Amino acid sequence: MGEWKPIKEGKVREIYDNGDSLIMVATDRISCFDVILKNQVAKKGAVLTQMSRFWFDMTRDILPNHMISVDVKDMPEFFRKPEFDGNSMLCRKLSMLPIECIVRGYITGSGWASYQKDGTVCGITLPEGLKESDRLPEPIYTPSTKAEIGDHDENISYEQSIAHLEKYFPGKGEEYAAKLRDCTIALYKKCADYALSRGIIIADTKFEFGLDEEGNLVLGDEMLTPDSSRFWPADGYEPGHSQPSFDKQFARDWLKANPGNDWTLPEEIVDKTIDKYLQAYRLLTGEELA
């Protein structure tokens with residue numbers, strides 16, 4: 001077998017074509033403010049892959065997902081080396097739906113900024129008097145369109161999501177939009193309740209879905225990782241201000257405080273960052289990263 005080349009390379013992930021399946025590799029690259037930093041964060045890719053595996057296993061009763069295996073022994077020989085061990089996932093091929101399915105259980109980030117302006121988030125009117133980081137009475141579904149790399153995703157209303165899907169799948173827009181919304185909220189509720197029992201608040205997250213060959217809805221991409229979600233420690237949670245998070249917060253804060261950093265982090269910030277990822281993994285799964 002010759003050299004394998006990724007068919008798609010994101011900021012931190014690489015996707016390889018394996019004939020009737022795909023191999024998704026979460027690298028140890030780290031991006032902040034849409035820039036790939038010069039540091040690698042050892043084990044980060046494995047944490048993200050194993051965390052997705054954990055959630056995929058937990059939610060099969062709600063919806064099937066694209067995971068086939070995270071064992072490199074099930075992958076072609078090229079992938080049976082240390083740099084792919086633990087951070088690679090063999091997946092079913094899906095026709096991905098062109099919607100990022102975002103669900104928010106707490107008000108924070110761009111949602112909080114929008115609420116302060118006019119009491120709405122993505123066109124959804126929320127109760128008056130909410131404080132920053134408050135839990136919402138019910139989780140809200142705020143889809144966006146998937147932008148090409150370099151462009152920003154655009155928030156759309158539920159009605160617009162029907163029209164957007166209808167363009168790609170004539171006659172199916174309404175059915176797919178409703179399924180995406182309902183599955184997104186069901187997945188979030190189950191996992192957020194579980195995470196809370198383990199000491200982690202999942203403030204918001206995004207899912208991506210595709211269709212298999214029979215046209216069934218299947219969960220794809222990654223699931224409930226600190227890269228696709230906001231994880232907060234439940235211990236010390238207090239509405240009224242922003243919350244510390246289990247992800248790249250240390251890296252972001254350091255970069256902001258040290259202009260002229262040339263996108264390079266000091267080793268101690270890298271260590272603190274991976275410690276946060278590992279801590280989240282331990283809390284959620286109850287096990288050490290293998």
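Please read these numbers as outputs of a predicted model, since none were measured by experiment.
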Whether the side chain of [X] engages the backbone of [Y] through a donor-acceptor N/O pair (distance < 3.5 Å, no angle test) should be reported.
| X | Y | value |
| --- | --- | --- |
| Gln50 | Gly86 | yes |
| Asn216 | Asp212 | no |
| Arg60 | Asn65 | no |
| Ser31 | Asp34 | no |
| Asn87 | Val25 | no |
| Lys44 | Arg29 | yes |
| Thr120 | Asp118 | no |
| Glu166 | Ala163 | no |
| Glu175 | Gly173 | no |
| Ser52 | Met223 | yes |

Do [X] and [Y] have side chains that approach each other closer than 4.5 Å (heavy atoms only, starting at C-beta)?
| X | Y | answer |
| --- | --- | --- |
| Trp232 | Ser133 | yes |
| Ile30 | Thr273 | yes |
| Leu165 | Pro98 | yes |
| Tyr277 | Leu289 | no |
| Pro76 | Trp4 | yes |

Heavy-atom pair of closest approach, residues [X] and [Y]:
| X | Y | result |
| --- | --- | --- |
| Leu219 | Glu208 | CD1-O, 3.5 Å |
| Met51 | Ala280 | CE-C, 3.9 Å |
| Ile102 | Ser144 | CD1-OG, 3.8 Å |
| Ile202 | Ser229 | CG2-CB, 4.5 Å |
| Ser161 | Ala177 | OG-CB, 3.7 Å |
| Asp134 | Pro239 | OD1-CB, 3.3 Å |

Would you compute the distance between atom [atom1] of [X] and atom [atom2] of [Y] and round it to the nearest 0.5 angstrom?
| X | Y | atom1 | atom2 | answer |
| --- | --- | --- | --- | --- |
| Tyr141 | Leu180 | OH | CG | 4.5 Å |
| Met89 | Ile23 | CE | CD1 | 12.0 Å |
| Ser114 | Asn155 | OG | CG | 8.5 Å |
| Lys11 | Leu37 | NZ | CG | 11.5 Å |
| Phe33 | Lys248 | CZ | NZ | 9.5 Å |
| Leu63 | Lys179 | CG | NZ | 9.5 Å |

Do [Y] and [X] meet the salt-bridge criterion of a basic N to acidic O distance under 4.0 Å?
| X | Y | answer |
| --- | --- | --- |
| Glu138 | Lys189 | yes |
| Glu268 | Lys272 | no |
| Arg53 | Asp71 | no |
| Arg92 | Glu213 | no |

With salt bridge (charged side-chain N to carboxylate O under 4.0 Å, His left out) as the rule and sequence neighbours excluded, what pairs involving residues 275-284 come up?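 For residues 275-284: Arg282-Glu288.
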
Stepwise, does the side chain to side chain contact (heavy atoms under 4.5 Å, CB included) test hold for Tyr194 with Leu224?
CA-CA 12 Å; Tyr194 168 81; Leu224 287 163; over 6 Å; no

Check for me, please, whether [X] and [Y] land in the same ILVMFWY cluster - side-chain distances under 4.5 Å, paths through other members count.
| X | Y | result |
| --- | --- | --- |
| Ile201 | Phe54 | yes |
| Phe56 | Leu97 | yes |
| Leu48 | Leu283 | yes |
| Phe250 | Leu265 | yes |
| Leu284 | Val47 | yes |

Note to self: Between Arg104 and Ser110, does the side chain to side chain contact (heavy atoms under 4.5 Å, CB included) criterion hold? Intermediate values first, please.
What the structure shows: CA-CA 11 Å; Arg104 304 164 192 261; Ser110 59; 3.8 Å; yes

- Query: What residue among Glu83, Lys43, Gln40 forms side-chain contact (heavy atoms from CB on, under 4.5 Å) with Asp28?
  - Reply: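 Passing option: Gln40.
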
Please determine whether the number of non-hydrogen atoms from other residues, nucleotides or ligands lying under 6.0 Å from atom [atom1] of [X] exceeds 12.
| X | atom1 | result |
| --- | --- | --- |
| Glu77 | CD | no |
| Lys167 | NZ | yes |
| Asp193 | CG | yes |
| Lys117 | NZ | no |

Side chain to side chain contact (heavy atoms under 4.5 Å, CB included) evaluation trace for Met24 with Asp221 | CA-CA 9 Å; Met24 296 181 94; Asp221 200 55; 4.1 Å; yes

Could you go through the side chain to side chain contact (heavy atoms under 4.5 Å, CB included) check for Ile269 and Asn39 one step at a time? CA-CA 10 Å; Ile269 298 295; Asn39 309 75; over 6 Å; no

Do we get Arg230 above Tyr106's six-membered ring, with its NZ or CZ under 6.0 Å from the centre and within 45° of the axis?
no

Exercise. Establish, yes or no, whether a centroid distance under 6.0 Å links the rings of Tyr176 and Tyr168.
Key: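 No, they do not, as the ring centres are separated by 6.0 Å or more.
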
Mind checking whether Phe78 and Phe84 have parallel, tilted or perpendicular rings, split at 30° and 60°?
->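 Tilted, since the angle between the ring planes falls between 30° and 60°.
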
Query raised in the report: Between the side chains of Asp247 and Ser245, is a donor N or O closer than 3.5 angstrom to an acceptor N or O?
Result: yes

- Task: Assess the side chains of Thr225 and Asp227: does a donor N or O sit below 3.5 Å from an acceptor N or O?
- Result: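 Not at all, the side chains of Thr225 and Asp227 share no donor-acceptor pair under 3.5 Å.
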
Review point. Which hydrophobic side chains are connected to Val12, either touching it within the sub-4.5 Å cutoff or through other members that do?
Key: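 Besides Val12, the cluster holds no residue at all.
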
